Every structure is written in C-alpha cells, then in structure tokens.
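The shown structure was predicted, so the numbers you read here are calculated from the model rather than taken from an experiment.
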Amino acid sequence: MKNLTLLGVPIERIHLDPMIQPVSVNSQNGPLALETIRRIHQEFPGVRTLCGLSNVSFGLPHRFLVNRTFMVLCIGAGLTGAIMDPLDQKMLNNVLVAEALVGRDEYCMKYLKANRAGTLLD
C-alpha cells in the first residue's frame with residue numbers, strides 16, 4: 001500500500017478485494033471475509049474494498065437470500081463496492097437501507113429519492 005501512495009496513487013483510488021469464499025465449503029468463510037474487510041479499513045483508512053459478492057453463496061439453494069444478507073453484513077463491516085446483480089431490486093433496496101444505517105447516505109437522501117421514485121420493495 002505504501003508503495004502505491006509513494007508513487008502518487010491517492011489512497012481513495014486503491015481498491016482491495018478480500019476474496020470471498022463459499023460458506024458451503026467452510027462455515028468460517030463468511031466471518032473471515034467480514035473480519036478481513038474490517039481489518040483492511042482499520043489498517044488502511046481511506047482505501048476502498050470490493051468483492052465478488054455471489055462467491056459466498058456458491059453451491060447453495062436460494063442464493064439471492066444469502067447474497068442479500070451477506071451484502072448488508074459486508075456494508076456494516078465497511079465494504080464500499082461489490083460485483084452483484086444490478087437487476088435484483090431487493091438487493092438494491094438492502095444496499096440503500098444498509099448505507100443509510102451506517103451513515104453513508106446523508107439525511108437518507110438516496111433512500112428518500114428511491115421512495116419517491118417508487119423503487120422500494122417491501
């Protein structure tokens with residue numbers, strides 16, 4: 001990380017992938033990913049994190065349920081981006097709510113805008 005910043009790369013332009021692994025093969029892969037995200041942000045303030053979200057649910061039925069819940073947990077741990085299904089409106093709603101709850105949506109403006117647009121789903 002230090003080498004990148006010494007080369008002039010701003011810390012906020014550095015993106016790290018915590019390499020999400022399936023919970024179907026090891027039940028500790030979920031907690032390990034969340035702890036990795038937290039530690040990255042503790043040790044390198046300002047750096048961005050992103051992941052291939054659906055890796056966590058590989059081999060499981062109803063993967064959307066696992067992915068949606070995991071996304072909320074990851075946002076709580078500090079995740080700033082994810083490769084995910086942009087057509088999954090329930091996932092997008094979960095992201096909006098989670099970002100409001102962790103303080104990334106000032107005055108809940110994005111959430112309120114989605115409400116006015118009629119895109120929030122119960």
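Tested against M71 for a side-chain contact (heavy atoms from CB on, under 4.5 Å), the candidates T69, N67, I75 yield a single pass: I75. Of the options R104, K113, K110, a side-chain contact (heavy atoms from CB on, under 4.5 Å) to L96 is made by K110 and by none of the others.
At least one side-chain heavy atom of E35 sits under 4.5 Å from a side-chain heavy atom of R38. Side-chain contact between Q89 and L120 is absent, with no heavy-atom pair separated by less than 4.5 Å. Residues I14 and V9 form a side-chain contact, since some pair of their non-hydrogen atoms from C-beta on lies under 4.5 Å apart. Side chains of F70 and L34 form a contact here, defined as non-hydrogen atoms less than 4.5 Å apart. Residues I20 and N29 have side chains not in contact (no heavy-atom distance under 4.5 Å, counting atoms from C-beta outward). Using a 4.5 Å cut-off on side-chain heavy atoms (C-beta onward), C74 and I37 make contact. For the pair V23/F58, no side-chain contact is recorded, criterion being any heavy-atom separation below 4.5 Å from C-beta on. Using a 4.5 Å heavy-atom threshold, the side chains of T80 and L50 count as separate.
Between M84 atom CE and N94 atom CG the span is 9.5 Å, to the nearest 0.5 Å. Note that CG of D85 is 5.0 Å distant from CZ of F64, once rounded to the nearest 0.5 Å.
The side chain to side chain donor-acceptor pair (under 3.5 Å) test applied to D88 returns R68, not counting sequence neighbours. Residues satisfying the side chain to side chain donor-acceptor pair (under 3.5 Å) criterion with T49, sequence neighbours excluded, are H41.
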TODO: Check the pair I83 / L53 against side-chain contact (heavy atoms from CB on, under 4.5 Å), numbers first and verdict last.
DONE: CA-CA 6 Å; I83 300 168; L53 188 70; over 6 Å; no
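Both I40 and I11 are members of a single hydrophobic cluster when ILVMFWY side chains are connected at heavy-atom separations under 4.5 Å. Cluster annotation: V47 and L79 are assigned to distinct hydrophobic clusters (Ile/Leu/Val/Met/Phe/Trp/Tyr, side-chain heavy-atom contacts under 4.5 Å, transitive). When hydrophobic clusters are built by joining Ile, Leu, Val, Met, Phe, Trp and Tyr residues whose side-chain heavy atoms come closer than 4.5 Å, directly or via intermediates, L65 is not grouped with V97. Cluster annotation: L101 is not connected to V95 through the hydrophobic network of ILVMFWY side chains, with a link wherever side-chain heavy atoms come within less than 4.5 Å.
The backbone N or O of S54 lies less than 3.5 Å from a partner atom in the side chain of S57, making a donor-acceptor pair. Using modelled atom types, one side-chain atom of D105 and one backbone atom of Y111 make a donor-acceptor pair closer than 3.5 Å. Under the 3.5 Å distance criterion, the side-chain polar atoms of N55 are left unmatched by any main-chain donor or acceptor of P22. A donor-acceptor pair under 3.5 Å is formed between the side chain of R48 and the backbone N or O of E12.
The minimum heavy-atom distance linking L92 with P86 is given by the pair CD1-O, 3.4 Å. Shortest non-hydrogen contact noted between C51 and D17 is CA-OD1, 3.8 Å. The two residues A100 and C108 make their nearest non-hydrogen contact at CB-SG, 4.0 Å.
Shown here is R13, whose CZ atom has no more than 12 heavy atoms of other residues, nucleotides or ligands within 6.0 Å. Summarising the local packing, CZ of R63 is surrounded by more than 12 heavy atoms from other residues, nucleotides or ligands at distances under 6.0 Å.
Applying the under-4.5 Å side-chain rule to Ile, Leu, Val, Met, Phe, Trp and Tyr, the cluster around L87 consists of that residue alone.
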